[in-house]
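Residue numbers run from 1 in the order of the sequence given. What you see below is based on every heavy atom in this structure, not just the backbone, and it leaves out hydrogens, waters and symmetry mates.
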Amino acid sequence: MVPSEEQQGVGSLGMRELQRRQYRLGVAGALIAGAALRVWFILAYSHITGDTLVYGDIAINWLRHGVYGFSQTIHGLPSPPRPTLIRLPGYPLFLALCFQVFRGERYGAVLFLQGVLDLGTCGLISATAARVFGGRAGLTALWLAALCPFSAIYVAYPLTETLTLLCIALAFYALLRWASETALLNRWVCVLGFALAYAILLRPEQGMLAACVVPAMVWIGWKRRGGFVSALRPAAIVSLLTLLPLVPWTIRNERTFHLLQPLAPRYANDPGETNPYGFQRWYRTWAIDYASTETIYWNYEGEEIQIADLPERAFDSPAQYGATEAIFDEYNERTNSTPELDRRFDELAVARIQAEPLRYFVLLPVARVLNMIFRPRAEAFPLPLDWWRFRQHWFNCLVATLLGTINLGYIVFAATGFWNRRSLATDYELVAPILWSMAATIALRCLLLLTLDNSETRYTLEFFPVLIVFAAGWIGRRTATFRRPWLGRA
């Protein structure tokens, strides 16, 4: 017996309702799982030392004394704070607002707030993937973002990473919403300007995000309106909004330090402070892995450093080993850098660079970047630095291998999604400039990382909002069963 048209309509409505419920359950499940993961990381792995205390000290002095600087004592007595410019004001401002709202230095409350904001980031990544690759990809992206251990664990660290990821996700979502509007000047211009501006206030290198987004806006506006001037207007407004917050910061630095400094200095040193350029140059002649960053790079100027922690590639000859050992011995007597020690480090660096210029200028920078991208992202987890020694740390080795496999999975699926973007995207002509803009942020960041001294995998954490969107486009088409027409646009 053939069902009547009315029965078919009722059946179709029932199926749609079932799909809606399944989708809602999928969203709720991802958010609950993501929240549980973040709460567990906060309770088990919260870490409030190092840079966190630097940001916190600035925030407290800003609140109590109106001085953006560090606490100090003179002759054992508390003194007015010392102004600084080594950190941009984005994260200290966030902490200051939290301390005001939570009535004190309640870092635990800050961590839980970061957990909520990170779930918001997951939602933005999901919405972006849904608009680019469809609703099934959106749900897939939500799960990939909510259960990503590498971004989730940083909610347990009061640092800039969580807010930076939020700004990246918000910027690309706002760019998509702006591109889908009829008028080129709409509310998403302001949202986009805010996201780009605050990203720079958090980390100076996030100017690269604006450098990728603004050209995409010009291209989209030009293609849609056919006029370069009309296309330039929204991009100009976003650029102005992005740079505007840096104006008072630059004026403050000029008045306080008599120095033109619109961003933070590369080596995080205030005017008048010395920097061990010779040591850093020597370090770049051999450093690749994160273990060397922690045992040598971070310990210099304050802690002892051991020649046993250096790899064999740090020496070109027995004579060079002896010279390095002599410098280490002299440094360890006072654990402080001096101009003479820095000069000797620089002499070692010059000799090594002249002997192998290709190694210094090409091979080692590329090796450091590859290490930051593909190394198991174990730096935020309680794993030993030498986790790869299976006999000593068999369980930690397995955990690190699992983390490395997960990291590789995100990269491989994202690369596959980008390669097949034309067939996966729901409206490729509209989103193509945005997809290239997203990919450009990764390419530009890799170029920047080639110039860094130390290898840290967290410097590539900003890849993940983009990686997840592309990975979800590929995975969602093949694994999910949800459809999207009844959902509308995200």
| For the residue pair Phe381 and Phe41, does the interplanar ring angle fall in the parallel (under 30°), tilted (30 to 60°) or perpendicular (over 60°) class? | perpendicular
| message | For Tyr410 and Phe150, take the angle between the two ring planes, folded into 0 to 90°, and tell me which bin it lands in: parallel under 30, tilted 30 to 60, perpendicular over 60. | response | perpendicular
Any side-chain heavy atom of [X] sitting closer than 4.5 Å to one from [Y]?
X	Y	answer
Leu144	Ile475	yes
Leu88	Arg203	no
Leu232	Trp222	no
Ile86	Tyr267	no

So, taking the atom named [atom1] in [X] and the one named [atom2] in [Y], what distance separates them when rounded to the nearest 0.5 Å?
X	Y	atom1	atom2	answer
Ile373	Thr457	CD1	OG1	11.0 Å
Leu424	Thr416	CG	OG1	10.0 Å
Leu364	Leu450	CG	CG	11.5 Å

| message | Under 6.0 Å between ring centres: does that hold for Phe194 and Trp188? | response |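 Judged by ring-centre distance (under 6.0 Å), Phe194 and Trp188 do not meet the cut-off.
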| Near-ring test Trp40/Tyr45, centroid separation under 6.0 angstrom | yes
| query | Where do Cys148 and Phe464 come nearest, in terms of heavy atoms and distance? | reply |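 Closest pair (atom of Cys148, atom of Phe464, distance): SG-CD2, 3.9 Å.
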| note | For Arg38 and Gly115, the nearest pair of non-hydrogen atoms, with its separation, is CD-O, 3.9 Å
In terms of side-chain geometry, is the basic nitrogen of [X] or [Y] positioned less than 4.0 Å from the acidic oxygen of its partner?
X	Y	value
Arg458	Glu379	no
Arg64	Glu105	yes
Arg368	Asp289	no

Is it the case that the side chain of [X] and the backbone of [Y] share a donor-acceptor pair, with hydrogens and angles ignored and the cut-off at 3.5 Å?
X	Y	result
Ser437	Ala216	no
Thr242	Leu196	no
Gln206	Ile200	no

| said: As a test of understanding, state which of Thr460, Asn454, Leu452 forms a side chain to side chain contact (heavy atoms under 4.5 Å, CB included) with Glu456. | reply: Asn454
| field | Test side chain to side chain contact (heavy atoms under 4.5 Å, CB included) applied to Glu161 and Thr164, Leu163, Leu159, the passing residue | value |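 Output: one option passes, namely Leu159.
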| message | By the definition ring pair (Phe, Tyr, Trp, His ring centres under 6.0 Å), identify the one residue from Tyr68, Phe99, Tyr91, Phe70 that meets it with Trp62. | response |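 One option only clears the test, and that one is Tyr68.
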| Cation-aromatic face contact Arg284/Tyr360, 6.0 Å, 45 degrees |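 Ring-cation test returns no.
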| field | Cation over ring face, Arg20 and Tyr23, 6.0 Å, 45° | value | no
